[in-house]
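First listed ligand is number 1; within each ligand, the first listed atom is number 1.
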Amino acid sequence: MRPDILFPLFAPVTSLPGIGPRFAKLFAKLTGEKVVDLCWHRPSGIVDRRLSPKLADAPENAIVTLTVVVGRHRKPASPRLPWKVRCSDETGTIDLVFFNAKEDYLAKTLPEGETRVVSGRVERYGSELQMIHPDHIVKPGEIDRLLRIEPTYPLTAGLTPKLVGRAVQAAVERAPALFEWLDPAFQSRRGWAGWQESLRRLHAPQSLDDLSPEQPERARLAYDELLANQIALALVRLQQKRRTGRRLAGDGSLRGRLVAALPYRLTASQAQAIEEIAGDMAAPAPMVRLLQGDVGSGKTVVALLAMAIAAEAGAQAALLAPTEILARQHFATIDPLARAAGLEIALLTGRDRGKARTGILTGLAEGRLRLAVGTHALLQEDVEFKDLGLAVVDEQHRFGVHQRLLLAEKGQSPDVLVMTATPIPRTLMMTAYGDLETSRLTEKPAGRRPIDTRTLPLERLEEVVGGVERAIRQGARVYWICPLVQESELVDLANAEARAADLKRRLGPRIGLVHGQQKAAERDAAMAGFAAGEIDLLVATTVVEVGVDVPAATVMVIEHAERFGLAQLHQLRGRIGRSDKPSTCLLLYQAPLGETARARLKIMRETDDGFRIAEEDLRLRGAGELLGTRQSGMPEFRLADLAVHGELLAAARDDAKLILDRDPDLAGPRGKALRTLLYLFERDAVVKTLRSG
Ligand code: ADP
Ligand code: MG
C-alpha cells in the first residue's frame with residue numbers, strides 16, 4: 001500500500017485550487033494527471049519581477065512591478081480597439097491596456113480609486129507609458145508574492161503561464177517532508193539538501209544557471225529517480241534468482257554436428273558468447289542474458305547453438321522475431337543447419353492458419369517439435385509448449401517488456417536470451433535491465449570489407465542514378481531507401497512508390513518494392529527475388545532496417561538521410577557490407593544542413609562502430625528520442641537526463657546493490673524510507689513483491 005504521507009501527491013490535479021475537469025484534461029497532456037506530475041514539471045525559464053520603480057523611473061521594455069492608484073477606465077469606441085485603464089503614482093501615469101476585455105472582470109480587478117500592484121512589461125506608446133495585459137494584478141498587501149524571480153514553465157495550448165505557475169507552486173507546497181533515504185555520508189559529500197527542500201529549490205530558480213541539469217537540487221532529484229529505477233530492477237533480479245530454474249546442460253552432440261555443418265568458422269567472440277550462455281544455462285538460476293552485437297556480427301548462429309543446448313538437455317527452445325520477414329529469414333538460415341544436425345524446427349507466424357497451424361501447435365504441446373521460430377504468433381494463448389527451456393528474443397527493442405514476460409511465462413522460468421542489434425549505450429542498458437549479464441560480439445565475421453560511405457546533396461540525384469546504373473551493369477545489387485516523411489507509413493509509401501516508378505522508367509523492369517503496407521506474400525516475393533538476383537534494385541521504406549540479410553547487396557542509397565536517426569542509419573547501412581566485395585553507401589541530404597544533422601552525417605562517414613554511433617546519438621539527441629522510448633520498453637525519466645547524469649546512474653546502481661545486499665527486503669529504517677521512494681516514483685508493483693510489507 002502506498003504510504004499515507006504520499007496521498008496528497010497522488011491525488012488528481014483537480015484537488016488543486018482553480019483546476020477543474022477542463023484544465024485537468026490539459027494538464028493530463030502537459031504533465032500527467034496527478035499532483036506529483038506537476039512537481040516533476042521543471043521550470044524552463046525565469047522572469048525577474050524584483051524591480052519596483054516609481055513610474056518616472058520605470059525603464060522601457062523591462063519587467064517591473066508597480067504600485068499604482070487605479071484611475072479612469074476608458075471603454076473603446078469599437079470592440080476591436082483596446083480597453084485602457086489610466087493609473088498613476090505621485091511621479092507619473094501609465095495606461096494598462098487590454099484587448100478583448102471583459103468589462104465585469106476589469107471592473108472587479110481594477111476598481112477606480114483603489115491601489116493595486118501590477119507586474120508586467122512597460123512600453124512607451126507615443127508619449128505615454130503603457131503595460132499591455134499585465135501578468136499579475138494583486139492587492140497591495142500581496143506585493144511580496146510578486147517581488148521575486150518567477151519560474152516559467154513549458155506550456156500547452158489552453159493553459160496560461162500564470163495558471164501553470166500557480167498550479168505547480170500549489171503542487172510543490174503539498175510535497176511533504178519525507179524520511180531521508182540517501183546514505184548520510186554520500187548526501188553530505190555531494191552537498192545535497194533533503195528531498196522536499198530540493199524540490200522547492202528546483203522550482204525557485206534564482207538565475208538561468210539554476211536551470212542547468214547539473215545544479216545540486218536537480219542532481220539530487222535525478223539521483224532519487226535513478227535510485228528508484230535501479231532498486232526496482234535489482235529487486236526484479238533478486239526475484240528471478242530466488243525462483244528455482246533448472247540446469248540445462250547438454251552433451252554437446254547437437255552442437256558438434258551444427259558447428260560441423262557451418263560453412264564458416266565461429267569468430268572468437270561468437271565462441272565466447274556460446275560459452276557464457278552455456279554456463280548460465282547449466283546453472284540452477286534462470287538465465288537472463290543479453291546478446292549484444294552490431295548488425296552482421298552473426299547473432300543468429302549463437303542463438304541456434306543456445307537452442308541446441310536446450311534440445312540436448314531434452315527441453316524445447318523458441319526464437320521470437322519482431323517481423324514476419326525476419327522470422328522467415330531466421331527460419332531459412334536455421335532450418336538447413338538444424339536438419340544437418342538431425343533436428344526438426346517449426347515456423348509459426350500470423351500467416352499460418354488451419355491444419356498447418358494445428359499440426360505445429362500439437363507438435364509443440366506434445367514436445368515432438370523441439371525448436372520453434374516465429375513472430376508474436378508464438379505468444380498467443382493457445383500456443384503451449386511441453387517444456388520450454390529457453391526463450392530467445394531477437395531485436396528486442398521492438399518488443400515491450402510485457403511481451404518478453406509473456407514468452408517467459410510459457411515455460412517454468414525458462415532461460416531467456418535477449419538479442420539486440422541496436423548497440424544500446426551502456427547507460428541506457430543499465431536503466432532498462434540493471435546489471436544484466438551481457439555477451440558482446442565485438443568482431444565482424446572474417447572477410448568483411450568496410451563500407452565506403454559518402455554524403456551528397458539531393459541535387460546530385462541524377463548523378464547518383466547514373467552511378468547506380470553503372471554499378472548494376474557490373475552486377476551489383478542495390479537497396480534504395482526512401483525518405484522518412486513522418487510517422488505515417490502511408491505517406492512514406494507514396495514516396496517509395498513514386499521513386500520505384502521513376503527508377504523503372506530509367507533503369508528498366510528489374511526493380512522491386514517492399515514496404516510495410518504490403519501483403520506479407522508480396523513482400524516476401526520481392527525479397528526473395530532480390531536475394532536470388534532476379535531483381536537488381538530494391539526500393540524500400542525502413543522495413544529493411546532490421547536484420548534482413550542479402551549478402552550479395554553492395555550498394556545502398558538513402559534519400560533524405562538527414563531525416564533519419566543515427567541508430568537507424570546504422571541499422572540500414574548494416575544491410576550491405578556483408579560479403580567480401582567492397583560496398584558503398586550514399587547518404588543523400590537536403591541542403592542546407594543544420595548543425596546537428598551535419599554532425600550526424602559526419603559520424604556516419606567516419607565510423608561504422610555501432611557502439612560509438614550509439615553513444616554519439618545519445619549525446620546529440622538525448623535518451624528519450626534515441627529509440628523511440630515508448631515502443632522500446634526503455635524507461636522514461638522525468639528528472640534524470642542520461643546524457644548528463646550518466647555518472648549519477650552508475651552511483652545509483654552501486655548504491656542499489658549495496659542496499660539490497662544488506663537489506664534485501666527493505667525492512668530496516670532506511671529500507672522503509674526507500675519503500676516510500678519506490679512509491680514516489682511509482683514502482684508500486686515491485687514493492688508488492690517484497691516479503692514483509
Ligand atoms: P546479425 O548479428 O546481424 O543478426 P546474422 O546472424 O544475420 O547477423 O549474420 C550475418 C551474416 O554473417 C549471415 O550471412 C551469416 O551466415 C554470416 N556469419 C555469421 N557468423 C559468421 C562467421 N563466423 N563467419 C562468416 N560468416 C558468418
Ligand atoms: Mg539478426
Within 4.0 Å of some non-hydrogen atom of Ser297, the atoms of ligand 1 are 2 (O), 8 (O)
Taking Glu312 for its side chain and Leu254 for its backbone only, find out whether a donor-acceptor pair lies under 3.5 Å.
yes
Ligand 1 atoms in contact with Thr300 (distance to a heavy atom under 4.0 Å)
4 (O), 5 (P), 6 (O), 7 (O)
Arg454-Thr584 side chain donor-acceptor pair, cut-off 3.5 Å
no
Heavy atom under 4.0 Å from ligand 1: found in Thr333's side chain, backbone, both, or neither?
neither
Polar contacts were defined as any N/O atom of the residue lying under 3.5 Å from an N/O atom of the ligand; does this apply to Gly298 and ligand 1?
yes
Is the closest side-chain donor-acceptor distance between Thr420 and Gln292 under 3.5 Å?
no
Quick one: which ligand 1 atoms are inside 4.0 Å of a heavy atom on Leu266?
23 (N)
Please identify which atoms of ligand 1 are closer than 4.0 Å to at least one heavy atom of Thr267.
23 (N)
Enumerate the atoms of ligand 1 whose separation from the nearest heavy atom of Arg265 is less than 4.0 angstrom.
22 (C), 23 (N), 24 (N)
Any sub-3.5 Å donor-acceptor pair from Arg351's side-chain atoms to Glu324's backbone N or O?
no
Specify side chain, backbone, both or neither for Gln270, according to which of its non-hydrogen atoms lie closer than 4.0 Å to ligand 1.
side chain
Can you tell me if Gly293 has a non-hydrogen atom under 4.0 Å from ligand 1?
no
Looking at Arg265, I want to see if its CZ is surrounded by more than 12 non-hydrogen atoms of other residues, nucleotides or ligands under 6.0 Å.
no
Quick check on Glu275: does its CD atom have over 12 non-hydrogen neighbours (other residues, nucleotides or ligands) under 6.0 Å away?
no
Examine the side chains of Thr438 and Arg289 and answer whether a donor and an acceptor come within less than 3.5 Å of each other.
no
